[in-house]
Amino acid sequence: MSRQSSLCVVKLAGELDIGQREAVAAALQLDDGDGPVLVDLGEVVYADSTVIGQLLRFRNEAEARGRRIALLIGSPQFARVLQYAGLADAFAVFDNRAAALTFLAGQRP
Amino acid sequence: MARSETPRSSVQPLAVTVVLLVVMIPILVGGGAFVGRLVSQGFAAESTVRAAENDLAAITRAQLDEETGIRGYAATGQRIFLQPYDTGLVDFAHSDAALHRDADRLQLADRSAIADLEATNATWRREVATPLLRDPSNADPIELRGKVLIDHFRVDTNQLSALIDRRQTEQDTQTQIAISRINLLVLVAVVLIAAAAIGFGIVQTRLARRLEIEERNAAELRAAYDTEKRIAETLQDAFLQRPLPTTPAVSFSATYVPATEEAKVGGDWYDGVELEKGRVMFVIGDVAGHGLDAAVSMNRTRQALVSAAVRDPDPATLLARVNRELVRERGRMVTAVCGYADSQTYEFTYATAGHPPPVLVEPGRRPRLLEFGGLPLGVMDAAVYRTYSVQTLPGAMLVLYTDGAVEHSRDVLLGEQQLLDAVASVCGGEAVEHAAAAIHARIFDGRAVGDDVAILTVTFAGPEDVVGEGGEGAAIVAAGSRGGTQTISGTIVSLFDRAVRRRQVPERERAPRRIA
């Protein structure tokens with residue numbers, strides 16, 4: 001049951017600041033399964049500290065349920081913002097989808 | 001109290017008022033029309049009665065004309081005298097028909113009086129007129145009979161007249177009753193409408209009062225919001241205005257520029273604390289969010305960091321401790337850089353938590369971004385922080401800033417480049433005391449700032465200050481003569497060299513330690 005669980009994909013796009021907090025909170029929802037989680041931020045160009053905080057809490061939630069989670073990012077600027085926030089320490093961060101999926105499909109640590 | 005009233009309770013009297021008006025207005029209008037019709041009917045009935053009386057008089061005249069003609073003929077024997085009789089016959093027939101029409105109009109159920117009249121006339125013609133026309137000579141006994149019949153006719157006429165009069169009185173009474181009923185209805189309607197108007201007025205007044213209360217509540221809310229904003233601003237001002245220490249060996253400069261678009265109070269702060277043996281502690285941080293909560297949260301984090309620093313000299317341990325405290329208290333997310341500057345070793349020791357990297361600029365070199373890492377404080381209990389050390393030179397300046405300094409264009413890579421350029425252009429000429437403000441000015445060049453920006457610089461005394469070697473007076477004099485550093489750059493370089501040789505560990509970053 002657990003091994004066959006399908007991937008949960010959460011996608012955000014655009015410039016994310018405190019004005020999009022509600023929308024981001026609505027998007028950052030885990031499904032009922034226990035499969036891996038891919039947070040697709042490939043089309044995000046900016047995120048302020050509010051959204052960073054939301055991402056971190058989402059990660060904590062996923063971890064608490066024992067779900068593997070990965071971030072997919074596109075813009076180097078956004079990658080830098082994530083680096084500021086120390087998210088490279090908390091997330092597996094990828095700049096291409098295939099690598100992220102390979103990571104998520106791997107054995108649980 | 002006004003809040004507990006539901007809108008329903010005020011709508012109901014209003015609805016009743018509207019219904020009353022809707023019902024009463026037709027009654028008033030219709031009642032007026034009905035009264036008008038009754039009055040005009042009354043007039044019509046009166047004219048009918050008058051016509052009936054006229055017709056009654058006419059039929060009497062016709063009967064008398066007939067009699068006059070017969071008696072003239074009987075007295076003279078000449079047919080010429082019969083003319084009134086002929087006219088009377090015709091008039092009688094007309095008047096009789098008219099009387100029947102009047103009776104119809106008056107709705108007289110009892111026509112016996114008219115029948116009597118006709119019967120008397122018929123008897124008179126049969127028993128008086130016909131015999132006398134046949135034989136006018138033997139008139140007397142017949143004329144006597146005629147007199148009796150005429151008298152009878154008059155009695156009949158009077159009966160009919162009384163009947164008509166009674167009918168008129170009846171009709172008048174009916175009209176009077178109808179009019180008085182309508183008047184009563186109209187009176188009731190007027191009273192109800194007046195009551196409705198009063199009720200409506202009361203509802204209106206109540207609504208107006210509640211509106212007033214709500215407006216006052218809104219105004220109070222606004223006032224409360226303004227107060228909070230003012231308190232937050234005052235708090236932050238108080239925090240930021242806490243003077244940075246001035247020591248001979250290490251000098252601080254700082255600037256804080258709030259966002260210009262929205263007058264929101266951010267959670268940016270910085271601190272500088274003088275410790276023993278030529279060491280200072282420095283902190284810059286940013287509490288997520290705005291307003292009073294953020295200001296209070298910022299102050300708490302700030303106190304925690306400074307008080308922990310007294311016990312714990314290792315920046316990473318210090319951040320980890322404050323992080324656990326924040327997670328336990330479910331405080332806001334905070335990003336920060338904290339560390340120490342040791343003026344005896346020219347070493348910066350620091351740790352970062354979710355914060356953009358510090359910038360280091362040493363005399364004669366390009367500014368560069370230092371290492372950094374670690375999650376923001378307050379999001380994960382088990383977050384790990386690292387202590388970084390960087391060995392520098394006299395005159396080296398560490399620039400700490402909040403994210404507004406690089407994220408203003410939302411292209412942080414460009415923002416970093418602009419920051420490095422600004423630092424490079426400032427460290428050449430500006431007085432150290434104004435370095436932070438000058439860097440801000442270079443980056444933003446008077447443009448509107450969308451986010452709060454705080455900048456803190458920590459600068460080791462330059463070589464010309466070191467020459468004074470501990471003499472506090474000499475250091476102050478030297479600091480006062482700053483601003484001409486470029487003109488004595490040669491001297492600086494030679495003094496650098498000496499300092500470098502003396503320390504023997506120039507420019508080498510110590511390998512970062514990992515603190516669990």
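Proteins get letters first, then strands, A, B, ... in listed order; numbering begins at 1 in each. What you are looking at is a predicted structure, and each value in this text was computed from that prediction instead of being measured.
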- Message: Tell me the closest heavy-atom pair linking B:Met397 and B:Val423, and the distance in Å.
- Response: CE-CG1, 4.4 Å
- Task: Taking the side chain as every heavy atom from C-beta outward, state whether B:Leu375 and B:Val384 have any atom pair closer than 4.5 Å.
- Result: no
- Task: Evaluate the criterion side-chain contact (heavy atoms from CB on, under 4.5 Å) for residue pair B:Tyr270 and B:Leu400; output intermediate values, then yes/no.
- Result: CA-CA 9 Å; B:Tyr270 51 79; B:Leu400 304 160; over 6 Å; no
- Query: Who are the ring-ring contact (aromatic ring centres under 6.0 Å, His included) partners of B:Phe282, not counting sequence neighbours?
  - Reply: none
- Query: Got A:Leu104 and A:Leu38 here, is their nearest side-chain heavy-atom distance under 4.5 Å?
  - Reply: yes
- Do B:Val399 and B:Pro367 have side-chain heavy atoms sitting under 4.5 Å apart? no
- Message: Can you tell me which portion of B:Leu377 sits under 4.5 Å from chain A's heavy atoms? Options are side chain, backbone, both or neither.
- Response: neither
- Query: Do B:Thr457 and B:Ile439 have side-chain heavy atoms sitting under 4.5 Å apart?
  - Reply: yes
Could you please show the donor-acceptor pairs under 3.5 angstrom between chain B and chain A, with distances rounded to 0.1 Å?
| residue | atom | partner | partner atom | Å |
| --- | --- | --- | --- | --- |
| B:His355 | N | A:Tyr84 | O | 3.1 |
| B:Gly374 | N | A:Asp89 | OD2 | 3.3 |
| B:Val379 | O | A:Asn60 | ND2 | 2.7 |
| B:Glu407 | OE1 | A:Tyr46 | OH | 2.8 |
| B:Arg410 | NH1 | A:Glu15 | OE1 | 2.7 |
| B:Arg410 | NH1 | A:Asp17 | OD2 | 3.4 |
| B:Arg410 | NH2 | A:Asp17 | OD2 | 2.9 |
| B:Asp411 | OD1 | A:Gln77 | NE2 | 3.1 |
| B:Asp411 | OD2 | A:Gln77 | NE2 | 3.3 |
| B:Glu416 | OE1 | A:Arg80 | NE | 3.3 |
| B:Glu416 | OE1 | A:Arg80 | NH2 | 3.4 |
| B:Glu416 | OE2 | A:Arg80 | NE | 2.4 |
| B:Glu416 | OE2 | A:Arg80 | NH2 | 3.1 |
| B:Glu416 | OE2 | A:Tyr84 | OH | 2.6 |

- Counting heavy-atom pairs under 4.5 angstrom with chain B, the leader among A:Leu87, A:Val45, A:Leu56 is A:Leu56
